[in-house]
Participant: 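The structure is given below, and queries will be raised subsequently.
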Amino acid sequence: MVENKYAVQMKGIVKTFGGEAVLDNVDLNLEKGTIHALVGENGSGKTTLMSILHGLYSYDSGLIYVNGEKVEFKGPKDAMNKKIRMAHQNFMFIDKFTVEDNIMLGNEKTNAIGIINRKVEAQKIKDIINKYSFDFDLKAKVETVTLGMKQKIEIARALYEDADVFIFDEPMATLDAKETDDLIKIFKKLKAEGKTVLLSTHRLDVILKCADKCTILKDSKVVGTFDTEGMDEQDLALRMFGRTVKFELEKKPFNPQKTVFFIKNLYVTDSRKILRVKDLSLNIRKGEILGIAGFDGNGQTELVEAIAGVRKVKSGTIAVNRVHIENKSPKFIRNNKVAVMHEERLARGLISGISIADNVILEKYKSPEFSRKGIIDYKKAAAFAEVLIEQYDIQPKNCAGMTPSALSGGNQQKLFLAREIANNPDVLVVSQPTKNVDMAAIEKINSIILEQRDKGKAVLLISYDIDEILCLSDRIAVMRNGEIIGDFERKDADKKSIQLLISGGKQNASSN
């Protein structure tokens, strides 16, 4: 019996890709005026289910009802006509267009002769920005803004077209703590207006702060739907993974050795020639993790790109084992034992159109290990990939011939990290290593990073997640407006002190 108290009911949804079931007889019931969380491990089918509800994917069998009426969506326009909107995990922008144009894109209102009344639409967008307290420049081109800002633009685009049901797929992936709290307020405001919110996130703390109900997917099936009241993070983790998850990892005693990596008086500009890294200096010893904390957009991306050799240094020094690597080629830097894991795993790390086996030898395919007289030995490449797949618990196990785009986010991240570590670096730079991955993958990735530290590697960790910085780091530096404005030994650091510095306060703990 279909009940009108539900904004949406999805019944018996089945979806297969390549003969593999991604959704197996899945039910989802969204009550009107509630916040409903959809959670599960990477690859459990969450994004696929939401994409079906938004008309992006077809489905093999099942039924969908909106406000008690049976519907069939042949595309996103059909879902929009039923007042269902979605903010996507993977941004769908035209980078050369302005923020305003991208928010409007696909939802333009025209007059009888097909002309957009830009003045009316611009005012509507400004009203949305004011109502939900967004802080972006509408006339800026999307290519110039940070990842965190892109996330907020994607959310604003969903809110621009009035809807009754809002779908948010991993909306906190690139947001800092304050921005996450602001987004939770938006969810609660939508709920107070009688709207229905479907939220997919790996942030268990966020679910417990705002969701009324939670549906858990595992291995393409529904484990169950639960009221969140009275639950804690371990309750959710136990239902998701069938075991408790370590939120705090055990660390071996800190035993640093000689300094192998240093940066001195570094200045780096962005693509608009605006100075983003200013007079920055730091050093890292063997067997040490230096964590850099800070809000998105404070020069972290430009710093990582300069280290990797994909962005020019205006002035200053970057050196590893006393060899200067500033303004050298990525190959030179890699050959001098520096490995870099960028925050955008598909844009800067993996190539989605080639196999995983090809991806893992991408930086060494010309070596005698994998080629002879310029001909790649694909059997050796596949065998090497299988070793990494097993060692780093990349799922599914038989994925060497697949492309990275077929993997879940967490498994893409483990693949990227595995390839960089396989180069046996002395310095490992990891930026946002657990962005948009589930708790089990976070546990695995963090243990890999700690293992590298214990093997004597110098690790530079950049994360917008202060808890992650505190969990992994031996020393912590705070970055704001392109500068290091505070430096703590881990034993002297606490969350409040770091938050205060990030927000513009003064350091009030012991520093180096």
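The analysis underlying the following values was restricted to heavy atoms, covering all of them including side chains, and did not include hydrogens, waters or symmetry mates.
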Participant: Just by distance, no angles: are the side chains of Asp127 and Gln123 close enough, under 3.5 Å, to form a donor-acceptor pair?
Facilitator: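 Per modelled atom types, Asp127 and Gln123 side chains form a pair under 3.5 Å.
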
Participant: Would you say Thr434 and Glu468 are linked by a side-chain donor-acceptor pair, where the criterion is simply a distance under 3.5 Å?
Facilitator: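 Glu468 vs Thr434: donor-acceptor pair found between side chains.
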
Participant: For Asp27, is there an ion pair with Lys11 - N to carboxylate O distance below 4.0 angstrom?
Facilitator: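 Salt bridge: no.
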
Participant: When you check the gap from the basic side-chain N to the acidic O, do Asp101 and Lys141 get nearer than 4.0 Å?
Facilitator: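 A salt bridge is absent here (no side-chain N lies under 4.0 Å from a carboxylate O).
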
Participant: For Gln395 and Asn411, does a side-chain donor sit closer than 3.5 Å to a side-chain acceptor?
Facilitator: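 Judged by distance alone, the side chains do not pair up.
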
Participant: Tell me whether the centres of the aromatic rings in Phe187 and Phe168 are closer together than 6.0 Å.
Facilitator: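 They qualify: ring centres under 6.0 Å apart.
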
Participant: So do the side chains of Asp135 and Ile129 get within less than 4.5 Å of each other, counting heavy atoms only?
Facilitator: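 No. Closest side-chain heavy atoms not under 4.5 Å.
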
Participant: Salt bridge check, Glu305 against Arg348: does any charged N sit closer than 4.0 Å to a carboxylate O?
Facilitator: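 Salt bridge present between Arg348 and Glu305.
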
Participant: So, do Asn481 and Arg276 sit near enough that their side-chain heavy atoms are less than 4.5 Å apart?
Facilitator: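 Not touching, per the 4.5 Å side-chain cut-off.
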
Participant: Will you find, in the side chains of Tyr464 and Asp296, an N or O donor that is under 3.5 Å from an N or O acceptor?
Facilitator: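 Side-chain D/A pair, Tyr464 to Asp296: present.
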
Participant: So does Lys191 pair up with Asp212, basic N to acidic O under 4.0 Å?
Facilitator: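 Yes, charged N to carboxylate O under 4.0 Å.
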
Participant: Between Glu343 and Thr301, do the side chains contain an N or O donor and an N or O acceptor separated by less than 3.5 Å?
Facilitator: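 A donor-acceptor contact under 3.5 Å links the two side chains.
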
Participant: Flag the pair Leu199 / Val206 as yes when at least one side-chain heavy-atom distance between them is below 4.5 Å, and no otherwise.
Facilitator: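 Counting from C-beta outward, Leu199 and Val206 do come under 4.5 Å.
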
Participant: For the residue pair Thr196 / His36, report whether a side-chain donor-acceptor contact shorter than 3.5 Å exists.
Facilitator: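 His36 vs Thr196: no donor-acceptor pair found between side chains.
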
Participant: Taking only Lys NZ, Arg NE, NH1 and NH2, and the carboxylate oxygens of Asp or Glu, determine whether Glu154 and Arg157 approach each other closer than 4.0 Å.
Facilitator: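 Yes, this pair counts.
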
Participant: Below 4.0 angstrom, N of the basic side chain to O of the carboxylate: do Lys188 and Glu193 qualify?
Facilitator: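 Salt bridge flag = no for Glu193 with Lys188.
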
Participant: Report yes if some heavy atom in the side chain of Leu53 is under 4.5 Å from a heavy atom in the side chain of Leu49; otherwise report no.
Facilitator: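 No, every pair of side-chain atoms sits at 4.5 Å or beyond.
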
Participant: Side chains of Glu100 and Asn102: do they bring a donor and an acceptor to under 3.5 Å?
Facilitator: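 Judged by distance alone, the side chains do not pair up.
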
Participant: Both conditions, 6.0 Å and 45 degrees, for the charged tip of Arg480 above the ring of Phe295: are they met here?
Facilitator: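 The answer is no; the distance or angle limit is not met.
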
Participant: Any carboxylate oxygen within less than 4.0 angstrom of a Lys/Arg side-chain nitrogen, looking at Asp494 and Lys496?
Facilitator: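 The answer is no: the pair does not qualify as a salt bridge.
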
Participant: Do Met231 and Ile207 have side chains that approach each other closer than 4.5 Å (heavy atoms only, starting at C-beta)?
Facilitator: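 A side-chain contact is absent here, since even the closest heavy-atom pair is not under 4.5 Å.
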
Participant: Do Thr403 and Ser352 have a side chain donor and acceptor closer than 3.5 Å?
Facilitator: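 The criterion, which ignores hydrogens and geometry beyond distance, is not satisfied for Ser352 and Thr403.
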
Participant: Hey, are Asp270 and Arg272 close enough for a salt bridge, meaning a charged N less than 4.0 Å from a carboxylate O?
Facilitator: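 A salt bridge is present here (some side-chain N lies under 4.0 Å from a carboxylate O).
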
Participant: Side chains of Val165 and Lys83: closer than 4.5 Å at any heavy-atom pair?
Facilitator: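 Not touching, per the 4.5 Å side-chain cut-off.
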
Participant: Indicate yes or no: does Lys218 engage Glu41 in a salt bridge with an N to O separation below 4.0 Å.
Facilitator: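 Glu41 and Lys218: salt-bridged.
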
Participant: Are Glu170 and Lys46 within salt-bridge range, i.e. N to O under 4.0 Å?
Facilitator: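 No, no charged N to carboxylate O under 4.0 Å.
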
Participant: Under a 4.0 Å threshold between the charged nitrogen and the carboxylate oxygen, would Asp182 count as salt-bridged to Lys152?
Facilitator: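 So Lys152 does not pair with Asp182 through a salt bridge.
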
Participant: So, do Ile216 and Phe226 sit near enough that their side-chain heavy atoms are less than 4.5 Å apart?
Facilitator: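 Yes - at least one pair of side-chain heavy atoms lies under 4.5 Å apart.
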
Participant: With heavy-atom distances below 4.5 Å as the criterion, would you say the side chains of Ile84 and Val66 are in contact?
Facilitator: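 Touching, per the 4.5 Å side-chain cut-off.
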
Participant: Please determine, by modelled atom types, if Glu121 and Tyr160 share a side-chain donor-acceptor pair under 3.5 angstrom.
Facilitator: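 Note: Glu121 and Tyr160 side chains meet the donor-acceptor criterion.
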
Participant: Using modelled atom types only, decide if a donor and an acceptor are shared between the side chain of Asn298 and the backbone of Gly294 within a distance under 3.5 Å.
Facilitator: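 No, the answer is negative, given that no donor and acceptor are paired below the 3.5 Å cut-off.
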
